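Presented below is the structure to which this report refers.
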Amino acid sequence: MSDTQIRRIPDRLDNPLRSAIFSWQSLLLLVATAIFVANSLATPYFLNPWSISDATFNFTEKALIALAMALVIISGEIDLSVAAIIAFCSTMMGFALQFGVGTFGLVVIGITTGLLCGAFNGALVSGLRLPSIVVTIGTMSFFRGLSFIVLGDQAFKGYPSSFAYFGQGYVWWVVSFEVVLFLIMAVIFYFVLHRTSFGRQIFVIGNNPVTAEFSGVRVRRIKFLLFCLTGVMSGLAAVLLTSRLGSTRPSIATGWELEVITMVVLGGVSILGGAGSIIGVVLAALIMGLVTFGLGLLNVPGIVMSIVIGTLLIAVIALPILAGRLRARMER
Amino acid sequence: MPWPKLTLTGISKSFPGVKALNEVGLELYAGEVTALIGENGAGKSTLVKSLTGIYQPESGEIRIDGNPVSMQTPYRAFELGIAAIHQETVLFDELSVAENIYLGHTPRTSFGLIDWRKLRSKARKVLDEMGAAHISEDTQLKELGIAKKHLVAVARAMSIDSHIVIMDEPTAALSHKEIEDLFTLIEHLKSEGKAILFISHKFDEIYRIADRYTVFRDGEMVGKGLIKDTDQKKIVQMMVGRSVDQIFPKNNIKIGAPILQVANLSHPTEFDDISFDLNQGEILGFYGLVGAGRSEIMQALFGITRASIGSVTLDGKQCQFRSPADAIKAGIVYVPEERGKQGIVADLPIYQNIGLPSLHKTSHNGVLQLAEEFALAREFTERLDLRASSLSQATGTLSGGNQQKVVVAKWLATQPRVIILDEPTKGIDIGSKAAVHAFMGDLVAQGLSVIMVSSEIPEVLGMSDRVVVMREGLIVDIKANDGTLTAEQLVMTAAGIFGAAA
C-alpha cells in the first residue's frame, strides 16, 4: 500500500441539475402551476391581470413574515407571537396618529415597535435561555392584550391618504407596492440565508446547537438577531396591513401566526430545524394565495378554505415521505 | 463438577470497524462476587449489554445452571432472573420508590388496576429486608441522591427474585460512606446465594469485595482466577499489557518555552487548584479514571464552562475566555470526546463542517465563497488521508475514525497554537487510530502544542512528553515520560494505590 500518493476527493458527486429537478421546490412549482391552471378553468374571472394582482394581496403581508419565520424555524426555534406583534404595532401607529404624527413617523413607529417586540422575545429566549415556544405563546397573549387595553372595542381611523399607498398603491400598472416589496425582500432573504456565512451558521445551529457552540458560533447572539428580524418583518407587515385596511382594531391579523407557519412548513422548512429554502417558502406563499383566491372567486366560505389549506398541507408533506418509504421498500 | 450459576463461552460481538468482544468467556458462581476488570474500551459494557438482552452476540453460548438459554430481549433477561444495576441508574425520576421497584411487574387488583396497597407493602418489605429501612417507599425518586437510587435499583433486582446481579461501576458516583453501605448490601446478597458480577476500576474495592476476577483487554479475555491467590500487580499487568504491534510515531521534537500556563484553576464542583504549563512543541498527556475531571478542565480552558478562580496565560498574556469563539480567536481549540454531539454536524456535508470555524476567513464581507471553502476542506482532509466519496457527503455517514479526522481538520484549518484532544481515538478503528497518532506527531513538529486527554494507557505512554495524572478533580502528579514511566505506575497513581497520592 502506498500512502505517498495523495487521494483526491471530489467536491461533489451528484449532478446539481438532476438534484434541482427532483427537489422539493420543483414539486411546489408543479403544485402551483396545477392550481393556477385549475383556477383559470374553474372561473372565467381569474385569467385577468387585475384578478391575479388582487390575488397577491392575499399572501404578501403574511409571506413577508414567513421569510423571517423560515430563518427562525431553521435555527430550531419558533415565533408564535407574530400576529400579536402586528396588532400591537398597528395599535401604536394608531395611537401616534392621535397626536398628529405623519406618514413617515407612522412607518418608523410601526417598524420600531416590531423591532422592540422581537428584541423582547429574543432576550427571553437567548438571555434567559427559555424555550421559544413557551416564550412566544406568552408574548402572543401579552402583545395582543396590550392592544386591547389601549383600544378596548374602539378602532383607530383616519390615517392620512399618503399612508394608504403602502397597502393600496401600485408601482406600475397592476404591479402593487406590496408585491414589489415582497419580491425585493425575498431576494434579500434568499441571499442572506443561502449565500452568507450568517445564513450558514443558522443552518448549523438548527442542525446541532452544541457543535455550533463548540465551533465558535455565537449561537445566542444569532438567535437574538433572528427574533429581532422577525419582529421587524411583523412591524413591516403591520404597516402594510394597516394601510390596506385604513383602520386599526385590536383583533387585527388574528390567527396569522399559524398561516405564516403553514407557509414555512409547506415550503419545505423542517419544523425540527436545520433544513429549508427561501425559494420553497416563496412558492408555498404563492400556492396558498392562489388557493384562497381561487376558492374565493368560487364563493367558497372561509371555513371550507381552511379545510382545503389543511388538507393541502398534510398531502404535500406526506406524499414525498410516503414515496420515499415505497422506494426504500422496492429497493430492499 | 456442578455447573456455575452462569456460564458464557465463545461470545463475540462486533460493531462497524471494531471487534468489541472476541470469543470471551465468563463464569459466575452462586454466593460469590466476580470482578470484571479492564480498561475503557476493553469490552466490559458490551458484555453487560449482551448479558441483559440489549445486544445480540454473533456467536457464543449463555448457560444458566448448565442449561443453554437465549436472550433476545431485555424482558427475557428479566424473566431469567438477571438484573443489572448500571453506572447511571436507569430509573424513573417522576415515579415513587415503590413504583420504580415494581415497574413492569406491578401487583394488580382483580380489575387489572394497580393494587397500590399491595405495591407499597411489598416494596416496604423488600427495602427492609435489604437493610434500607431509611428509604420511604412513597418518596419520589428524584428526591433521592445517587447512592439511594442505587439502593432502589438493588431493591428492584431483589423484587424480581433475580439470581444474577450485575453491577456496572456502581461506586463511581458514591461517597466513601455510601460505598461502605453498598458493600454491606453486597455481603447480604452473597449470603442469599446470588451470583454477582462487579465491574470496577478501583482495586481497593475489588480486593475488598470480590472472590474471583476476570480480566478483559481489547475485547479478549486475558486472565481469570481467585482474588486471594493473585497479586494486585499481576492483575494490573494483565489489564494494560501492551500489545507489541502498536507503534507510536513519536518524533523527537525540541521542546520550547512554555506557551500556556494554567495556575490555580478551580471550579466549585468539578476540579480544584489545577496548575500546569504546556510547552511549545510538547504533547502533554492527561491520564485519570473516568470522572477525574479532565474533560471539565479542558472545557473551562476552551471557554465553555467558567472556572471560578485561577488564571490562564497564553503567550504571556492573561486570557479570559467567555465563549469558545474567544478561545478559538486566541488560538486554543478543542476536539471533544463526544464526537457526534459536540464535534460534527452529522447532516451537513464535510466541507461545511470543516469550514465552520474558518467562515470569517473563507467568506468575503460575510458572503460565502464556495470555491475557497472546498479548497480549505480539500487541503486538510488530504493531509489527514480522509476516506470519503466526496466533500459534499453528509459527515454523519462516515465511519467514526473518519468523522474524527473531519473534526481535527476543522480545527487545523483555523491554524491554532494549542490543540486539546479529548479521548482522540475513542471508539475508532485501529487504522484511523494510527493516522490520528501520526498526525499528532506532525502537529508538534510544526510547532503546535498538544494536550491529549486519554484513558488508553498505551496511547498516553506512546505519545506524551509528560503526563498529568488526575484523580477526583485534583492533579495527583505530573510525571516526565522519559522511558522509565510504566503503565503500572500510572494506574496505581490514578487509582490511589500504595498511597501514591502523596
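Below, chain A is the first sequence line, B the second, and so on; all start at residue 1. These numbers were taken from a predicted model, which means no experiment stands behind them.
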Using a 3.5 Å distance criterion without hydrogens, assess whether the side chain of A:Arg195 forms a donor-acceptor pair with backbone atoms of B:Leu368.
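Absent.
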
B:Ser392 (side chain) donor-acceptor with A:Asp11 (main chain) under 3.5 angstrom:
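Pair found, side chain donor or acceptor close to backbone of A:Asp11.
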
Taking atom [atom1] of [X] as the centre, does the number of heavy atoms from other residues, nucleotides or ligands within less than 6.0 Å exceed 12?
X        : atom1 : result
B:Gln318 : CD    : yes
A:Ile133 : CD1   : no
B:Arg417 : CZ    : no
B:Lys361 : NZ    : yes

Roughly how far, to the nearest 0.5 Å, is the [atom2] atom of [Y] from the [atom1] atom of [X]?
X        : Y        : atom1 : atom2 : value
A:Ser197 : B:Gln369 : OG    : CD    : 10.5 Å
A:Arg12  : B:Phe374 : CZ    : CZ    : 4.5 Å
A:Asn207 : B:Leu348 : CG    : CG    : 4.0 Å
A:Phe214 : B:Ile304 : CZ    : CD1   : 3.0 Å
B:Gln342 : A:Ser215 : CD    : OG    : 10.5 Å

When [options] are compared by non-hydrogen pairs under 4.5 Å with chain A, the top option:
options                      : answer
B:Pro336, B:Ser323, B:Gly343 : B:Gly343
B:Leu370, B:Leu359, B:Asp326 : B:Leu359
B:Ser363, B:Pro324, B:Pro357 : B:Pro324
B:Leu391, B:Thr414, B:Ile328 : B:Leu391

Quick one: what part of [X] sits under 4.5 Å from any heavy atom of chain A, side chain, backbone, both or neither?
X        : value
B:Asn365 : neither
B:Ile344 : backbone
B:Gln352 : both

What part of A:Val217 lies closer than 4.5 angstrom to a heavy atom of chain B: side chain, backbone, both or neither?
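For A:Val217, side-chain heavy atoms alone lie under 4.5 Å from chain B.
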
With respect to chain B, which residue among A:Gly199, A:Ala212, A:Pro209, A:Gly216 yields the maximal number of heavy-atom pairs within a distance under 4.5 Å?
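With the most close heavy-atom pairs to chain B, the winner is A:Gly216.
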
Going through the distances and angles, do B:Lys341 and A:Thr211 end up as a side chain to side chain donor-acceptor pair (under 3.5 Å)?
CA-CA 6 Å; B:Lys341 269 192 231 152; A:Thr211 297; over 6 Å; no

Answer yes or no: is there a side-chain heavy-atom contact under 4.5 Å between B:Val367 and A:Phe191?
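They are in contact (side-chain heavy atoms under 4.5 Å apart), so the answer is yes.
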
